[in-house]
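I have placed the structure first, in the form of structure tokens, so that the comments after it can refer back to it.
Below, all heavy atoms of this structure are taken into account, side chains as well, without hydrogens, waters or symmetry copies.
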Amino acid sequence: MRLTYTSKGISKLMDDVKLEQYLRLNSGGVSQEYKLRAFIVHYGNFGSRHYKAFTKISGTDTWACFSDSFVSTKQFKNIEVRQAYILFYEISI
């Protein structure tokens with residue numbers, strides 16, 4: 001969770017997240033791989049904030065970046081993912 005709740009209110013946790021494009025989970029002796037399909041990054045704090053959404057363009061190594069009314073493309077290695085907020089994975093088949 002990227003937020004913490006205290007008696008003084010809500011604050012954003014600033015710990016970096018290591019975001020992987022592939023995630024392998026083991027449950028009950030079964031191993032399943034998941035691919036990162038989209039994520040949201042939160043920039044700033046509660047007084048001044050901005051969100052960007054990134055989605056993987058199918059069949060490529062390119063990601064679409066949605067920021068307000070602007071759309072651009074980026075390579076994953078060029079995206080600042082340390083402050084990822086919400087992650088969307090799909091099962092690899």
Side-chain donor-acceptor distances from residues 86-93 under 3.5 Å, at least two apart:
unit_1	atom_1	unit_2	atom_2	d
Y89	OH	E20	O	2.8

Using distance only, find each side-chain donor-acceptor pair of residues 59-68 under 3.5 Å and give its atom names and separation, not counting sequence neighbours.
unit_1	atom_1	unit_2	atom_2	d
T60	OG1	I57	O	2.7
T60	OG1	T62	N	3.1
T62	OG1	Q75	NE2	3.3
S67	OG	H50	NE2	2.9

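- Here the side chains of S58 and R37 are in contact, with some heavy-atom distance below 4.5 Å.
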Chi angles and distances behind the side chain to side chain contact (heavy atoms under 4.5 Å, CB included) call for F54, V81: CA-CA 10 Å; F54 296 87; V81 297; over 6 Å; no

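- In the hydrophobic cluster analysis, where Ile, Leu, Val, Met, Phe, Trp and Tyr join through side-chain heavy atoms closer than 4.5 angstrom, L36 is grouped together with L25.
- Side-chain contact between Y51 and V41 is absent, with no heavy-atom pair separated by less than 4.5 Å.
- The side-chain contact (heavy atoms from CB on, under 4.5 Å) test applied to Y22 returns E33, K35, not counting sequence neighbours.
- Applying the salt bridge (Lys or Arg N to Asp or Glu O under 4.0 Å) test to pairs two or more places apart or on separate chains, those with a residue in residues 70-81 are E80-R82.
- Under the side chain to side chain donor-acceptor pair (under 3.5 Å) criterion, S69 pairs with no residue, sequence neighbours left out.
- Two residues are said to be in side-chain contact when any heavy atoms from C-beta on lie closer than 4.5 Å; F39 and T55 fail this criterion.
- Evaluation of the side chain to side chain donor-acceptor pair (under 3.5 Å) rule for N26 yields S31 as partners, not counting sequence neighbours.
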